[in-house]
Asks: 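Take a look at this one; I'll ask things after.
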Amino acid sequence: MKSVSTLLASAILLTVSTAVSAADLKPAVVFDMGGKFDKSFNQGVNDGVMKFNKETGLKYREFEITNPTQREQAIRKMAQRGSDIILGVGFAQSSAIEKVAKEFPNTKFAIIDGYVVAPNVQSLLFKEHEGSFLVGMLAAMASKSGKVGFIGGMDIPLIRRFACGYEKGAKHVSSKIGVIQNMTGTTPAAWSDPGRGAELTRGQFDQGVDVVYAAAGYTGVGVYQAAKDAGKLAIGVDSNQNYLHPGTMLTSMLKRVDVAAYTTFMEAKNGTWKAGIKVFGLKEGGIDWALDEHNQDLISGDMKAKIEAAKSAIIAGEIKVHDYMSDKSCK
Amino acid sequence: MNTDSRSLPRWIDIGLIPVINIALALIVSGLIITVIGEDPLVAVTVMVKGALGYQEGIGYTLYYATNFIFTGLAVAVAFHAGLFNIGGEGQAYMGGLGVGLVMLGFDAALPIALLLPLGLLASAIFGAAWAAVPAYLQAYRGSHIVITTIMFNFIAAALMVYLMVNVLIQPGQMSPQSREFSMSGHLPFMHEALAWIGIPFARSPLNVSIVWALLCCLGLGAYIWRTRWGYELRAVGHNERAAVYAGVNPRRVIVVTMCISGGLAGFVGLNEVMGVHHRLLLDFTAGYGFTGIAVSLMGRNHPIGVVLASLLFGVLYQGGAELAFEVPAITREMVVTIQGLVILFSGALAYMTAPWVERVYHAVKPRRAPAASEA
């Protein structure tokens, strides 16, 4: 009974707050091809905008695109419908945002993972290499065979940045460590192919790998399952995926797109929103590694101390993590 | 059951039955929409209005239809020669690569008047070349074309990822796409072309390549039914051995037909790369090559049928996007379900209603047209 009445009360509260503030901000978000339930990148953004909705009661428009032409169409449509701030998810939307932002100079735009220079666009960039470096160190420390694996989605610059950071991190622990890399595919299906992810993972295990890191969207689910089945370790990505298989999930590399999405909407609401570049790294708390009740038994005190030390060193600038994008190579 | 529908007059066979099929699909979709708690009438209205109710929507519908005409014709021409070309996706991808390379190479030096024919030629040649290899393997080595064309889709995708990430990428960009072509490398949009002759039209990705698509329909129809090569093509499709007896070289016909097919699919690249995006990028084919198979089957492998089926698919794509945009409860997965139902009823189950229609027809009609059922 009590729970019903509190539910009712909160529902009334919610409608009241909606009625009060509905006039001030109309945010919109355009998800990319993976869709908002990809358990990874897009879903992180979805969590962020849902949190915004819950806290402020403000409704948002959303759209999930199914082909490249729809990016521009959806973003323009949001602008035409009078959305105040439009969030594009993923680097692929950069050119569409760039185009539409010119046509609607009074509308605010934000893009995750993309870099657009315009007076009304906020570019939200992440230092994935820093987080990948840390989980690479963890992988190397946890590995008994001296071989660690990486499974990427598609062979694109963004994923190479993950792979490069990971490799550098592993080599930072021991220069003798072997890193085996595989990409899932060459079409967008590569981001949602758990079966192939599992197959590649088993292939890497056969080559002696005993810790594997996936940066492949929903494909990762198959990677983690294969690791669990073989009793080996896996590392999650973007969201905290430790809970999926407690005991075999070594950790997750957190890319807090939820925080980025939530913050840009919040800033727009509070009037503190500014165009320009916002970088999220270890220092800003936008990138991190996950330690919770699901993986604490796998991380020894020694490992934790070393990772935390490396983290502070990266933040202080004592360790420079090589960024693949800086010179398009991982030497 | 196929023979049953033959006893019906043509307007029922190609006019009424498709309408009944689409209506059935919409009724089933309506039931599903009701189950998830939305008003099906509102949904259908949003979908139709979104696709045909205003200029921008019409533009998008016709833009999608342009792609489907190209891939639909590609499948249709191969089908007439008894070949099943599943490789439209890869051929379109390669066609786009051809256009893109020409534009990246010459957009600074040449005017649009030269770039347009060059782009046209490049997309056709690249698409045809991509189809020629499976065709050769089928004709001279007996490797089944269904398998090889599917495999070539993956090779095309792998090649494009390699080229876009390592060679053609715009320096300093995260996104694997080339630089934008200069203005002379842009096909005129339809709203621009119409503005020249004084007709205002809302902006949309629709560009002049739709004119080329319609010309291709005419050309292909003439080729298949009005030329000696078309006769040979149909002869091989009907009976390869009989064709040999008639002095036709089926191997040559297979290779030539697949080149035409691949060239047609390659024009998707013209529409997408030179017409819409003005740069090379990944995944611009977005499944149009595969949808072309459904378009061709639904259009009974006839150019006019392909145009009509392309329009239907254009409406489904654009109306579906509009639906997902306007009604938040209807997700894109729901839209795919509706599209699938329409394809199921008007493609796979095309003749399901024919016996019933026939029964009704003969119950009503025989007094006025007694001889109709004799044939």
Side-chain angles (χ1 to χ4, degrees), chain A residues 28 30-33 35-37 59-74 76-78 80-81 90-96 98-99 103 111 113-116 123 125-126 128 153-161 183 185-191 324-328, chain B residues 50 56-57 59-60 63-64 67 89-90 93 153-162 164-166 169-177 179-180 202-205 271-272 275-279 281-288 291 317-318 320-322 324-326 328 331-333 335-336 339:
Chain A
V30 177
F31 295 101
D32 216 70
M33 300 229 220
K36 61 177 176 173
F37 297 124
K59 280 193 183 149
Y60 58 90
R61 276 181 175 277
E62 60 175 13
F63 188 77
E64 299 167 277
I65 66 135
T66 46
N67 67 58
T69 308
Q70 280 182 353
R71 291 188 182 117
E72 199 183 313
Q73 182 185 18
R76 180 173 295 117
K77 197 152 236 176
M78 297 290 186
Q80 283 168 344
R81 294 291 161 87
F91 61 78
Q93 297 191 8
S94 311
S95 44
E98 195 173 359
K99 223 182 235 177
E103 297 165 25
I111 172 107
D113 276 359
Y115 175 45
V116 174
S123 305
L125 300 169
F126 288 83
E128 294 90 352
M154 267 166 90
D155 187 18
I156 55 172
L158 177 69
I159 295 304
R160 287 188 182 178
R161 179 193 256 176
M183 296 293 170
T186 53
T187 61
W191 306 110
Y324 170 80
M325 287 306 293
S326 62
D327 61 352
K328 297 265 166 162
Chain B
E56 191 192 332
Y60 271 94
Y63 145 75
Y64 285 121
N67 283 335
E89 196 78 7
Y93 223 168
N153 289 338
F154 288 100
I155 302 175
L159 181 65
M160 281 299 284
V161 169
Y162 173 78
M164 292 315 303
V165 171
N166 297 293
I169 191 170
Q170 184 176 10
Q173 271 285 336
M174 179 64 103
S175 188
Q177 54 187 20
R179 69 173 170 85
E180 195 172 354
R203 74 177 292 156
S204 73
N271 183 25
E272 289 287 328
V276 180
H277 298 291
H278 307 137
R279 51 159 51 106
L281 70 170
L282 290 178
D283 310 321
F284 60 81
T285 48
Y288 301 128
T291 313
Y317 268 57
Q318 165 57 15
E322 202 83 2
F325 192 88
E326 297 295 340
T331 60
R332 57 178 190 172
E333 286 78 14
V335 172
V336 173
Q339 290 171 349

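Every value quoted in this text rests on a predicted model; they were computed, and no experiment measured them.
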Asks: Of all of B:Asn166, B:Asn153, B:Leu159, which one pairs up most often with chain A through heavy atoms under 4.5 Å apart?
Replies: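 Most heavy-atom pairs under 4.5 Å with chain A: B:Asn166.
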
Asks: Quick one: does B:Arg332's side chain have a donor or acceptor within less than 3.5 Å of a partner on B:Ala321's backbone?
Replies: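 It does not hold such a pair.
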
Asks: Using non-hydrogen atoms only, which part of B:Glu326 is less than 4.5 Å away from chain A: side chain, backbone, both, or neither?
Replies: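 Side chain of B:Glu326 only, per the 4.5 Å heavy-atom cut-off to chain A.
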
Asks: If you count heavy-atom pairs under 4.5 Å between each of B:Tyr60, B:Tyr64, B:Tyr288 and chain A, which one has the most?
Replies: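 Heavy-atom pair counts peak at B:Tyr60.
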
Asks: Any heavy-atom pair between the side chains of B:Tyr93 and B:Phe284 that's under 4.5 Å?
Replies: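 B:Phe284 vs B:Tyr93: side chains touch.
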
Asks: Tell me, out of B:Pro171, B:Ala286, B:Ser175, who's got the most heavy-atom pairs with chain A below 4.5 Å.
Replies: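 Highest number of heavy-atom pairs under 4.5 Å: B:Ser175.
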
Asks: Do A:Lys77 and A:Phe63 form a cation-pi contact, if we require the NZ or CZ to be under 6.0 Å from the six-membered ring centre and within 45 degrees of the ring's axis?
Replies: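 The answer is no; the distance or angle limit is not met.
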
Asks: Do B:Gln170 and B:Glu180 get their side chains close enough for a donor-acceptor pair, meaning under 3.5 Å?
Replies: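 B:Gln170 vs B:Glu180: no donor-acceptor pair found between side chains.
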
Asks: Non-hydrogen atoms of chain B under 4.5 Å away: do they reach the side chain of A:Met78, the backbone, both or neither?
Replies: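 Backbone plus side chain of A:Met78, per the 4.5 Å heavy-atom cut-off to chain B.
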
Asks: Could you tell me if B:Tyr63 and A:Thr69 have a donor-acceptor pair between their side chains, going purely by distance under 3.5 Å?
Replies: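 Note: A:Thr69 and B:Tyr63 side chains meet the donor-acceptor criterion.
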
Asks: With a 4.5 angstrom heavy-atom cut-off, which part of A:Gln93 approaches chain B: side chain, backbone, both or neither?
Replies: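 The answer is neither part of A:Gln93.
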
Asks: What part of B:Tyr162 gets closer than 4.5 Å to chain A, counting heavy atoms only: side chain, backbone, both or neither?
Replies: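 For B:Tyr162, there is no contact with chain A at all, as no heavy atom is under 4.5 Å.
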
Asks: Salt-bridged, A:Arg76 to A:Glu103, with N to O below 4.0 Å?
Replies: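 Salt bridge flag = yes for A:Glu103 with A:Arg76.
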
